[in-house]
Amino acid sequence: MLGTFVEVISSEKEASEIVFKEIKRVEGLLSKYDPASEVARLNRLGRLKVSPETFYVIKKSKEFYQSSHGAFDITVSPLLDLWGFTDRNFSKPSERQIKDVLKLVGSQKIILQDKDNVVKFSLSGVKIDLGAIAKGYALDCAVKKLKERGIKSCLIDAGGQIYALGDKRGEPWRIAIRNPRGEGFSDLIALKDGVVSTSGDYEQYFLADNRRYAHIFDPKTGYPADSGVISVTVTAPDGLTADALSTAVFVLGREKGLELMKKYPSAKVKIVEGKD
Ligand code: ADP
Ligand code: MG
């Protein structure tokens, strides 16, 4: 689900079913890869009246666009297409092609009509991709459902994104963070009622001209982000915030990333820098 494996750990039998059902529902709204989803339809039509939930996630995305000074930008979708990340047919485009596609990028081109939940794009060809925020939101929704059903302890792992609901028999959940290069773990995090989200360049990437091109883009350059960061781990009370911030800090790099984090005092960050 959500382009990854989702794993649920709980002593409550019904937990996994509740989580999978809810994630599937959210994915049905927000995945650009599902042609029937609201996001896919919006991308095709350039204008759509969406559900309050989809509207909320797009609105939040625009807030992160502002707070990150444009580093977090869901309109990167045409760049992912151009570089072959959408169909996994990777290739390095020409400067000319990148320049042309950059004309479609920029979240100020998304117009939100609060009164009727209509979302529209100010330019034809604009498309959105919620890949950096939808997983976090889906986890938040899943946990809300678990709480409604009285489940107090559960761990949900959605590939680089982990929600720890409650604790594990009185102790915080212990989460190991994979070493971004090589074997083993680089960190151990104790978590209770919170989310840890990791964005890195080591899962989805291709190699060309002796360098690594990963799936997180710098919307200013049209190239995969090259801030010197290889992995960012954010913990926050909710998934949406942790997910968006880890991606934004990956684009911004250490210095500007830490500036951004100051605006979110309930979230914490760990940044790993390095070269290939
Ligand atoms: P993962 O999907 O591995 O958990 P992220 O949460 O960092 O990693 O999301 C990466 C995805 O976000 C990309 O695959 C793409 O769909 C989208 N994306 C890429 N660059 C940006 C960006 N600058 N702002 C917002 N979304 C982005
Ligand atoms: Mg993210």
Side-chain angles (χ1 to χ4, degrees), residues 1-6 23 27 30-33 39-40 43 57-58 60-88 90 101-102 104-110 126-140 156-163 177-178 180 195-206 213-227 229-236 238-253 256-257 260 264 267 269 271:
M1 297 173 138
L2 303 165
T4 185
F5 291 97
V6 179
I23 289 180
E27 193 172 18
L30 304 181
S31 168
K32 72 170 184 181
Y33 296 101
V39 165
N43 282 344
V57 178
I58 297 174
K60 279 283 171 190
S61 300
K62 277 195 80 170
E63 286 173 23
F64 284 106
Y65 172 74
Q66 305 232 301
S67 68
S68 69
H69 303 289
F72 185 89
D73 190 342
I74 58 174
T75 64
V76 293
S77 195
L79 282 172
L80 285 143
D81 294 345
L82 178 67
W83 284 77
F85 281 92
T86 312
D87 55 10
R88 286 167 192 276
F90 307 118
V101 167
L102 274 177
L104 302 172
V105 175
S107 285
Q108 77 282 3
K109 297 181 181 80
I110 307 169
V126 172
K127 286 196 271 171
I128 60 168
D129 177 332
L130 298 177
I133 195 165
K135 247 194 267 179
Y137 176 70
L139 288 186
D140 293 341
I156 313 171
D157 176 1
Q161 186 91 227
I162 296 173
Y163 202 127
I177 304 297
R178 200 184 115 179
V195 179
V196 48
S197 167
T198 302
S199 286
D201 66 1
Y202 48 92
E203 287 211 318
Q204 288 195 54
Y205 66 89
F206 71 98
Y213 292 107
H215 67 141
I216 299 174
F217 276 79
D218 184 339
K220 300 243 157 72
T221 64
Y223 279 76
D226 189 18
S227 64
V229 165
I230 59 177
S231 159
V232 177
T233 301
V234 172
T235 53
D238 69 284
L240 182 139
T241 304
D243 196 359
L245 285 178
S246 66
T247 307
V249 172
F250 188 90
V251 175
L252 288 168
K256 289 182 185 156
L260 171 64
Y264 300 89
V269 70
I271 298 169

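Atoms within a ligand are numbered from 1 in the order they appear, just like the ligands themselves. All heavy atoms count here, side chains included; hydrogens, waters and symmetry mates do not. Positions are given from 1, in the same order as the sequence printed here.
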- Note on the structure: In this structure, atom 26 (N) of ligand 1 is nearest to the protein heavy atom Ala132 CB, 3.4 Å
- Item | Atom name, Asp243 (N, O or S, nearest to the Mg ion (ligand 2)) | OD1
- Message: Take a 6.0 Å sphere around NZ of Lys256 and say whether it holds more than 12 heavy atoms from other residues, nucleotides or ligands.
- Response: no
- Return yes or no for this condition: an N or O of Thr247 is under 3.5 Å from an N or O of ligand 1. yes
- Identify, by atom number and element, the atoms of ligand 1 in contact range of Gly131, meaning under 4.0 Å from any of its heavy atoms. 2 (O), 6 (O), 9 (O), 11 (C), 12 (O), 16 (O)
- Task: Flag Thr198 as yes when one of its N or O atoms lies below 3.5 Å from any N or O atom of ligand 1, and as no otherwise.
- Result: no
- Message: So if I count the atoms of ligand 1 from 1 in the order they appear, which ones are less than 4.0 Å from some heavy atom of Ser199?
- Response: 5 (P), 6 (O), 7 (O)
- Query: Any chance the side chains of Tyr264 and Ser67 put a donor and an acceptor closer than 3.5 Å?
  - Reply: yes
- Message: Is the contact between Val76 and ligand 1 made by the side chain, the backbone, both, or neither, using heavy atoms and a 4.0 Å cut-off?
- Response: side chain
- Query: Quick one: which of Lys32, His215, Gln204 has a heavy atom closest to atom 3 (O) of ligand 1?
  - Reply: His215
- Message: Just so I know, are the side chains of Ile216 and Val251 near enough to count as touching, which here means a heavy-atom distance under 4.5 Å?
- Response: yes
- Query: Under 4.0 angstrom from ligand 1, any heavy atom of Ala71?
  - Reply: yes
- atom 24 (N) of ligand 1: the protein heavy-atom neighbour that sits closest, reported with distance to 0.1 Å: Asp73 N, 2.9 Å
- Query: Passes side-chain contact (heavy atoms from CB on, under 4.5 Å), Thr221 versus Leu102? Steps please.
  - Reply: CA-CA 8 Å; Thr221 64; Leu102 274 177; 6.0 Å; no
- re atom 6 (O) of ligand 1, the protein heavy-atom contact at minimum distance is Asp243 OD1, 2.9 Å
- Message: For atom 20 (N) of ligand 1, what is the closest protein heavy atom, and at what distance to 0.1 Å?
- Response: Phe217 N, 2.9 Å
- Query: Below 4.5 Å, heavy atoms only, C-beta onward: do Val229 and Phe250 meet side chain to side chain?
  - Reply: yes
- Heavy-atom nearest pair, Ala267 first then Ala236, reads CB-CB, 4.0 Å
- Message: Is any side-chain heavy atom of Asp238 closer than 4.5 Å to one of Val195?
- Response: no
- Pick one of side chain, backbone, both or neither for how Thr4 approaches ligand 1, counting any non-hydrogen atom pair under 4.0 Å. neither
- Just which atoms of ligand 1 are under 4.0 Å from any heavy atom in Leu80? 15 (C), 16 (O)
- Note on the structure: Contacts of Asp73 meeting salt bridge (Lys or Arg N to Asp or Glu O under 4.0 Å) (sequence neighbours excluded), chain-then-number -> none
- Do Phe90 and Phe85 have their ring centres less than 6.0 Å from each other? yes
- Metal site the Mg ion (ligand 2): N/O/S of Thr247 inside 2.8 Å: yes
- Item | Sole residue of Thr241, Asp243, Leu240 in side chain to side chain contact (heavy atoms under 4.5 Å, CB included) with Asp140 | Leu240
- Query: For ligand 1, is there an N or O atom under 3.5 Å from any N or O atom of Lys135?
  - Reply: yes
- Query: N/O to N/O below 3.5 Å, does that happen between Phe72 and ligand 1?
  - Reply: no
- Measure across Phe217 and Pro219 and return the closest heavy-atom pair with its distance rounded to 0.1 Å. O-CD, 3.2 Å
- The atoms of ligand 1 lying under 4.0 Å from a heavy atom of Asp129, numbered in the order shown, are 15 (C), 16 (O)
- Indicate whether any N or O donor in one side chain lies under 3.5 Å from an N or O acceptor in the other, for Ser77 and Lys32. yes
- Item | contact_flag Gln161 ligand 1 heavy-atom lt 4.0 Å | no
